[in-house]
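Take a look at the structure below.
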Amino acid sequence: MKLLIVGALEGYLTKASCVARARGCQICHVEEPGAGLEMLRGDVSFDLVLIDDQCDIPSFARALSEERIVATLVACGLGADAKHAVAAIKAGAIEYLPLPPDPEIIAALLQSATEEKSSLVYESAAMKAVIATAEKIASSDASVLILGESGTGKEVIARHIHNRSKRKGRAFIAVNCAAIPETLLESELFGHEKGAFSGAVARRLGKFEQASHGTLLLDEISEMDIRLQAKLLRAIQEREIDRLGGSKAVAVNTRILATSNRDLKAMCAQDRFREDLYFRLNVVSLLLPPLRERRDDIALLAQHFAHKYGEENDLPTRSFSKQALEILQQQDWHGNIRELENATHRAVLLSDGAELSAGDMLAKPVQTMQNGNGSKQGTNTSANQPSGNPGNNKLATIEREAVLETITSSQGDYQRAASILGISIRMLRNKLDRYANEGHIASREQ
Ligand SMILES: Nc1ncnc2c1ncn2[C@@H]1O[C@H](COP(=O)(O)OP(=O)(O)OP(=O)(O)O)[C@@H](O)[C@H]1O
Ligand SMILES: [Mg+2]
């Protein structure tokens, strides 16, 4: 753990510093925000920055954000004036501590700053092996290809790699290559200069530059068109990018992680994915097993989600009945962890019992088109279709027609259609794949 103190706070922190040191924390102290910024530029591994409220906290926070340095800021002051506290929090500090701070609060803040934001729950041997490899290569700058079915946790693993790397305090930026229309993806990734195209009213940095010194996750890389793949290859090889309309290349230092749920090797054989790019990305590849092949994780994940959604909704954490756990073990979970998460979320909200029963877990989501219930993924995953013949029942037909009509009225813009329908782009693509498999529409594959 590392703590940076900015400003003339040292005198007030003697006791808190002792507690932090006793817990193995390393402490650095600088008098001026400029020197603090310098420290953070050189070493992004500070877990917490305590800053004196006499410093210009808004400028300091702005400089951090402009340089894409991620730091947990806590303001400290004599505390008599609430205005100071409000200004510090508005500027981006997560807390305002009156001086001298309670050492236990400092210890708790350090603890929470070092805890990973996204939890990674697993106990199966298969996942232990994947995580061991991920952690082995995390500290390098190697590109990593993360493969696995939808909902297996590819993004979670990507964040885990970033958090275990020396880039941890810098930006982690994810771009979903399937969600952004082809025509916009290039400028999204590489940025553009003012006037590069009609509508380019100002210079805009692309995600490559925004993630410089950090990590760029290219989600669903298989969906990137072949022309852009060539530009991406150059960016990775030469470590420089060309902004649209720019006259000179810009150096970048961006680590690339990519995910796919398609067989990229097969796509290379069909000339739909560049083989040289595939080899560049695939310095290391991690294959996340589907949930049905790591059943040892099911009960643990279900408990984790029951606890998470209980807490989020101010409900007591309930455990699962024996029968519910048996049922969970038997399901095939084609939507993988996301489907298990949604099913548990729904059970937590709807169950009236003292424990979550098999019936609660098997309850089907209500199939409505406007799924505006505020839940992150909605509850009607493709794997949760009504039983019977999904392609032929009336509700499925109505849904299919509404989905196809929305795509037509959105002129083929899948992102827009998905947002009008209130579902994720991934869910929309899954639905289209299913309609193609059932023969209702032509296959999306060329
Ligand atoms: N090991 C895990 N522990 C806890 N939660 C997990 C784990 N793996 C995945 N999740 C949760 O499951 C959901 C799906 O994970 P994620 O988005 O990483 O999957 P994905 O493989 O990227 O899916 P997609 O292919 O649809 O983009 C998320 O809500 C994530 O937090
Ligand atoms: Mg994903």
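Starting from 1, each residue takes its place in the sequence as its number. One-based numbering, in listed order, for ligands and for the atoms of each. Bear in mind that the values here come from a model prediction, so they are computed numbers and not experimental data. What you see below is based on every heavy atom in this structure, not just the backbone, and it leaves out hydrogens, waters and symmetry mates.
With no hydrogens or angles considered, no side-chain donor-acceptor pair links H345 and E312 at under 3.5 Å. A donor-acceptor contact closer than 3.5 angstrom is absent between the side chains of S124 and D296. A donor atom on one side chain and an acceptor atom on the other are found under 3.5 Å apart for T317 and H307.
Residue I157 does not touch ligand 1, judged by heavy-atom distances below 4.0 Å. Only the side chain of E341 comes within 4.0 Å of ligand 1, judged by heavy-atom distances.
Taking only nitrogen or oxygen atoms, main chain and side chain alike, N261 does not reach within less than 3.5 Å of ligand 1. In terms of N/O distances under 3.5 Å, ligand 1 is approached by V156. On a distance-only criterion, S150 and ligand 1 share at least one N/O pair closer than 3.5 Å. Between R294 and ligand 1, a contact under 3.5 Å exists for no N or O pair.
Proximity of a side-chain donor or acceptor of T408 to a complementary backbone N or O of L404 within less than 3.5 Å is detected. The closest donor-acceptor contact from the side chain of N176 to the backbone of A178 lies under 3.5 Å.
Each of the atoms 3 (N), 4 (C), 5 (N) of ligand 1 lies under 4.0 Å from some heavy atom of S119. Against a heavy-atom cut-off of under 4.0 Å, E155 is close to the following atoms of ligand 1: 18 (O), 22 (O). Within the listing of ligand 1, atoms 2 (C), 3 (N), 4 (C) sit less than 4.0 angstrom from a heavy atom of L301.
H440 and Y435 have perpendicular rings, their planes meeting at more than 60° on a 0 to 90° scale where under 30° would count as parallel.
Between E186 and R227 there is a salt bridge, since a side-chain N of the basic residue sits under 4.0 Å from a carboxylate O of the acidic one.
Close to ligand 1: T152, with a non-hydrogen atom less than 4.0 angstrom away.
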